[in-house]
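To keep things clear, I will list the structure first and then write my remarks on it.
Just so it is clear, the structure is predicted and the values come from calculations on it, not from any experiment. Labels below follow one simple rule: chain letters A, B, ... track the order of the sequence lines, proteins then strands, and each chain is numbered from 1.
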Protein chains: 2
Amino acid sequence: MDSRARWQVVYDDLREAIEQGKYAPGDQLPPERELVERYGVARSTIRNAFTRLEQAGLVSAGAGSVGRTVRSSLEISFNATKFEVGEYQDDVVRGVDQWANDVEHQGWEARQQVTVTQRAAPAQVAKWLDVESKTRLYRRRRIRSVRRPGAIEWTPAMIADSWFPEDIATRQVNGVAPLLEERDITMPGGIIASLGIRQVKFIDELRSRMPRDEEAELLLLPKGTPVGEHARIGIDDQGRRVRVLVSVFAGDRQFVRYELAVNQSALSGNRGESS
Amino acid sequence: MDSRARWQVVYDDLREAIEQGKYAPGDQLPPERELVERYGVARSTIRNAFTRLEQAGLVSAGAGSVGRTVRSSLEISFNATKFEVGEYQDDVVRGVDQWANDVEHQGWEARQQVTVTQRAAPAQVAKWLDVESKTRLYRRRRIRSVRRPGAIEWTPAMIADSWFPEDIATRQVNGVAPLLEERDITMPGGIIASLGIRQVKFIDELRSRMPRDEEAELLLLPKGTPVGEHARIGIDDQGRRVRVLVSVFAGDRQFVRYELAVNQSALSGNRGESS
DNA sequence: ACGGATTTGTGCGTATGTATA
DNA sequence: CTATACATACGCACAAATCCG
């Protein structure tokens, strides 16, 4: 009758039940033992179905009496056009940067932890900055976390790594090199501008990929959760690539937003759009 | 000595070998049977390790003599600022749209298959278009594929679904409704403009998520491959949301690119950027 | 066109370890 | 401490896909 594999029958049933809301986000799913009885199959078959539900991002697991539960998504947006490019009004007095500002407008509390290290450029970073691979660079890492006001637990939401060539990272203002300070810093116009660098253009690249092991650990990612990678390359008025900001965020917690005004003259001169 | 689980020893060894290039993209990995002997563990333990390598996107599998192979990435970029917004010059005579144009500049051949259906708005689409859920809409789907010149096989790269309200989808030019035509259409200024609609603003949302079953099938995604979802909402001069273009692409084949000019006046008036 | 060899896919049963409430 | 539930691990058997001669 049913040509589907046994694990797939279980998979389809559970998936349908979840999508129809019979199990709400956070609900506990039946334990393996119970499904073994209900379907009359081996435990490994049930586990196969669950493994795939985890891969599909619908279910997460924890040993003990938590069992398997339906995943929920937080859906925080991050506006990449307002960020740096546009009209954001930040609060230097409160020491809040633009990401935090954006997130707080959506009803979250935000914080970040900063670490600065010197290290050889990974291949991809070298390509972005247009330098030799393994050039010594400075990496300013910010682990950004959010929580609902009143909540106790912080949820890590983003790893934001800025990479700088040595001469830029070590530039000083008033006797200190702000990019090397391991704390949350805000400066009028942004740190980079305060160092006398005029960024005139950004190139953004956005990718969807599976996390590296380190990222999965830092972001507390359940198995099978993809990440978004947002790389912003800053180019100054000399055409030099002065830094790249690589933001890695959990796909189930955050998305990126752009707002673009249509260039009417370009559009009318344009030809052939097959929307 | 080694507190790692047995499967993890195998996982770490293989992962390191792949990352160090001992197995190049496309290379075949040792079969399960051989690793069972080498490590002296059960086959299910080896399979556990491989399952996680597949989840991490490093390895893909196929029964028979193909065995397990190291995955490669194609890395096609897709410029979201030039697309519709910017200065692209397309070729109406050749009937090439902007996506194809972009891809062909990177040395690929491109084609797309178009299907148009009428259907109830899914919840997410309804939110994007700001209409009631289940409103009848038209969906214009384009399956976009690429290949290297000279190659035989087409690789599906993107599912591009445009959703329109009924009154817009059925609008006619010269007696035909171009949005309902199931073929590749290009028009001067784009189809939408030719229908008398002036889009003045786009809102783009980008997400990283696991594919739905249908998407995995259409894009021939190996297990554990995430997708990028790029939604472009078009807003006309009345403030109406006239369409949403939802592009779903394989994370291992394509990424999105934006080029942004920095608004210097906004930036200098801006305060507090903690790059 | 077919058959055999290889390799992964599916499935069973069982046992023990580990995390959680 | 204990019951529950998932994690890891062993071994076995047969099915299905693929490639090659």
Side-chain angles (χ1 to χ4, degrees), chain A residues 1-14 23 26-56 58-71 152-153 213 216-217 220-224, chain B residues 1-14 23 26-55 58-71 152-153 213 216-217 220-225:
Chain A
M1 303 298 110
D2 199 335
S3 63
R4 291 178 297 173
R6 307 237 241 233
W7 65 261
Q8 190 160 8
V9 175
V10 181
Y11 172 89
D12 288 344
D13 285 359
L14 287 169
Y23 299 102
D27 280 4
Q28 191 167 346
L29 294 164
E32 295 174 358
R33 179 190 45 73
E34 188 181 319
L35 294 175
V36 166
E37 288 169 20
R38 190 191 308 173
Y39 287 93
V41 298
R43 191 175 155 224
S44 56
T45 305
I46 300 293
R47 284 182 65 75
N48 193 345
F50 272 124
T51 300
R52 291 169 200 257
L53 285 168
E54 283 165 15
Q55 276 181 18
L58 293 171
V59 165
S60 66
S65 39
V66 280
R68 285 197 168 81
T69 52
V70 178
R71 297 258 306 265
I152 296 165
E153 286 292 310
D213 288 348
E217 224 172 290
L220 304 177
L221 297 177
K223 241 179 312 179
Chain B
M1 303 292 111
D2 199 335
S3 63
R4 290 178 298 173
R6 304 224 223 208
W7 66 262
Q8 191 161 8
V9 175
V10 181
Y11 172 88
D12 288 344
D13 285 358
L14 287 170
Y23 298 102
D27 280 5
Q28 192 166 348
L29 293 164
E32 295 172 0
R33 177 189 46 72
E34 189 182 320
L35 295 176
V36 165
E37 287 170 21
R38 190 191 306 173
Y39 287 93
V41 297
R43 184 171 163 230
S44 55
T45 305
I46 300 293
R47 284 181 67 74
N48 192 346
F50 271 124
T51 299
R52 290 169 200 257
L53 285 168
E54 284 164 15
Q55 276 181 18
L58 293 171
V59 165
S60 65
S65 42
V66 282
R68 286 197 167 80
T69 52
V70 178
R71 298 258 306 265
I152 296 166
E153 286 292 311
D213 288 347
E217 224 173 290
L220 304 176
L221 297 177
K223 241 180 311 181
T225 308

Between A:Val66 and A:Ala42, whichever has its closest DNA chain C nucleotide further toward 5' is A:Ala42

Residues B:Trp7, B:Arg52; criterion side chain to side chain contact (heavy atoms under 4.5 Å, CB included); working and verdict = CA-CA 9 Å; B:Trp7 66 262; B:Arg52 290 169 200 257; 3.0 Å; yes

Between B:Tyr11 and B:Asn48, does any side-chain donor sit less than 3.5 Å from a side-chain acceptor?
-> no

Using a 4.5 Å cut-off on heavy atoms from C-beta on, say whether the side chain of A:Val70 contacts that of A:Leu58.
-> no

Shortest non-hydrogen contact between B:Thr69 and B:Gln28, atoms and distance | CG2-CA, 4.0 Å

Considering non-hydrogen atoms only, spot the tightest contact between B:Arg43 and B:Val36 and give its length.
-> CA-CG2, 3.6 Å

May I ask you to verify if any side-chain N or O of [X] is less than 4.0 angstrom from the OP1 or OP2 atom of [N]?
| X | N | answer |
| --- | --- | --- |
| B:Arg6 | C:dT16 | no |
| B:Thr45 | D:dC10 | yes |
| A:Arg68 | D:dA7 | yes |
| A:Arg4 | C:dT10 | no |

Cation-pi, B:Phe50 ring and B:Arg68 (6.0 angstrom, 45 degrees) | yes

Could one point to a donor on the side chain of B:Arg43 or the base of C:dG9 with an acceptor on the other under 3.5 Å away?
-> yes

Enumerate the residues from residues 31-40 of chain A whose closest heavy atom to DNA chain D is under 4.0 Å, giving them by residue number; use none for an empty result.
-> A:Pro31, A:Glu32, A:Arg33

